[in-house]
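Working notes for the structure below.
Computed from a prediction, not measured in an experiment: that's the story for all the values here. No hydrogens, no waters, no symmetry mates; every other heavy atom, side chains included, goes into these values.
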Amino acid sequence: MSKKRGLSLEEKREKMLQIFYESQDFFLLKELEKMGPKRGVISQSVKDVIQSLVDDDLVAKDKIGISIYFWSLPSCAGNQLRSIRQKLESDLQGSNKRLAELVDQCETLKKGREESEERTEALTQLKDIEKKHIELKNEMVQFADNDPATLEAIRKAIEVAHQSANRWTDNIFTLKQWCSNNFPQAKEQLEHLYTEAGITEDFDYIELSSFPLSSSHEADTARQLGEDEA
């Protein structure tokens with residue numbers, strides 16, 4: 001034997017509205033919870049059903065004293081349904097108007113875009129141009145290292161590194177001189193220590209003549225080469 005199907009929310013709402021329409025009276029929630037089961041709506045779900053009807057303005061509620069009463073008249077429901085219908089009709093008219101505008105725009109955009117050999121050829125050329133544009137952009141990325149601004153930034157970084165290296169070289173020479181003056185008896189030990197640290201006899205300041213530091217330097221170098229050849 002199959003189990004009896006329970007009422008859906010809409011069916012429960014309809015059952016509870018019938019209570020209001022038939023009596024046209026005011027009820028407390030606990031009264032509705034007692035009357036609900038007689039219509040097939042269990043008392044535990046009456047509160048949620050009534051609240052959904054209140055949310056949809058199909059049932060009114062108000063606090064009188066310390067009690068909250070619920071009521072709904074057929075005329076109120078009729079007015080609510082008519083209001084909903086008017087809103088839906090207004091929305092439908094707006095949607096139809098918007099649809100007509102979009103259709104007109106579509107027809108306007110189609111003009112001059114009819115399929116033809118000229119249009120097909122133009123689209124092909126456009127695709128070729130776009131492809132070439134992408135290729136050129138990729139080439140520009142590859143040659144970014146040769147950009148004048150990038151080269152100038154590299155030159156400046158080399159200058160800073162060169163100055164820092166020679167500044168430390170100068171500090172090392174100063175430290176060696178100080179050690180020699182203050183510990184002359186430890187000359188051999190100090191030399192051994194310098195060698196272990198990589199400070200050999202050929203240790204000296206770094207020359208930067210082989211690096212083009214600026215555009216003016218490049219011009220001077222080119223002019224010097226011309227003079228040498230002459």
Side-chain angles (χ1 to χ4, degrees), residues 1-138 140-141:
M1 184 175 181
S2 60
K3 187 177 180 180
K4 185 177 180 181
R5 182 183 67 86
L7 298 177
S8 65
L9 177 59
E10 288 303 319
E11 290 173 332
K12 292 178 182 179
R13 284 158 57 98
E14 183 179 352
K15 295 291 186 181
M16 296 307 298
L17 278 176
Q18 288 176 356
I19 296 176
F20 290 107
Y21 295 162
E22 291 174 2
S23 64
Q24 299 188 24
D25 202 352
F26 298 81
F27 299 98
L28 296 170
L29 180 59
K30 62 181 180 180
E31 294 175 334
L32 294 170
E33 290 176 339
K34 292 180 181 179
M35 300 172 68
K38 298 178 182 179
R39 301 296 180 108
V41 182
I42 60 175
S43 58
Q44 291 88 341
S45 65
V46 168
K47 181 178 179 179
D48 292 336
V49 174
I50 295 298
Q51 185 59 50
S52 71
L53 293 171
V54 172
D55 293 340
D56 291 341
D57 294 328
L58 294 175
V59 170
K61 75 173 183 178
D62 199 1
K63 187 174 183 180
I64 303 176
I66 61 173
S67 301
I68 298 177
Y69 287 87
F70 299 87
W71 72 93
S72 179
L73 303 177
S75 59
C76 295
N79 292 334
Q80 178 65 20
L81 292 175
R82 280 190 290 272
S83 176
I84 294 174
R85 178 182 176 181
Q86 291 175 358
K87 184 179 183 304
L88 292 175
E89 289 179 345
S90 176
D91 292 344
L92 179 60
Q93 290 178 358
S95 299
N96 289 335
K97 181 180 179 181
R98 179 57 179 162
L99 176 61
E101 292 175 352
L102 292 175
V103 171
D104 290 341
Q105 290 180 9
C106 183
E107 293 299 327
T108 301
L109 292 174
K110 286 181 179 180
K111 294 179 180 179
R113 299 188 180 185
E114 296 81 3
E115 291 297 331
S116 64
E117 293 183 2
E118 292 79 5
R119 185 171 186 271
T120 302
E121 183 179 355
L123 290 175
T124 301
Q125 292 178 357
L126 176 61
K127 290 181 180 179
D128 292 340
I129 293 173
E130 291 176 343
K131 182 180 179 180
K132 186 63 176 178
H133 176 66
I134 294 174
E135 293 176 354
L136 291 175
K137 285 182 66 177
N138 292 335
M140 289 179 63
V141 173

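The ring pair (Phe, Tyr, Trp, His ring centres under 6.0 Å) search around F27 returns F20, not counting sequence neighbours. The side chain to side chain donor-acceptor pair (under 3.5 Å) check on E89 picks up R85, with sequence neighbours excluded.
With salt bridges taken as basic N to acidic carboxylate O contacts below 4.0 Å, one links E10 and R13.
M16 pairs in a side chain to side chain contact (heavy atoms under 4.5 Å, CB included) with only one of the listed residues (V59, L58, V41), which is V41. Remark: of the listed residues I19, D62, V54, V54 is the sole one forming a side chain to side chain contact (heavy atoms under 4.5 Å, CB included) with F70.
Of all the heavy atoms in L28 and S67, the pair that sits closest is CD2-CB, 3.6 Å. In this structure, S43 and P37 approach most closely via the heavy-atom pair N-CG, 3.9 Å. Between R39 and K15, the shortest heavy-atom distance links the atoms O-CD, 3.5 Å. When every heavy atom of D25 is checked against every heavy atom of W71, the shortest pair comes out as O-CB, 3.7 Å.
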Can I get a per-line list of side-chain donor-acceptor pairs under 3.5 Å for residues 97-104, giving both atom names and the distance, sequence neighbours left out?
from, atom 1, to, atom 2, distance (Å)
R98, NH1, E101, OE1, 3.4

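K34 NZ to E31 CD: the interatomic distance, rounded to the nearest 0.5 Å, is 7.5 Å. Taken from OG in S52 to NZ in K47, the straight-line distance is 13.0 Å, to the nearest 0.5 Å. Separating the CG atom in N138 from the CD1 atom in I134 is a distance of 7.5 Å, to the nearest 0.5 Å. Note that CG of L126 is 12.5 Å distant from CD of E121, once rounded to the nearest 0.5 Å. Note: H133 NE2 to L136 CG = 8.0 Å, rounded to the nearest 0.5 Å. Between the CG atom of D55 and the CD1 atom of I50 there is a distance of 11.5 Å, given to the nearest 0.5 Å.
Using a 4.5 Å heavy-atom threshold, the side chains of L53 and L17 count as touching.
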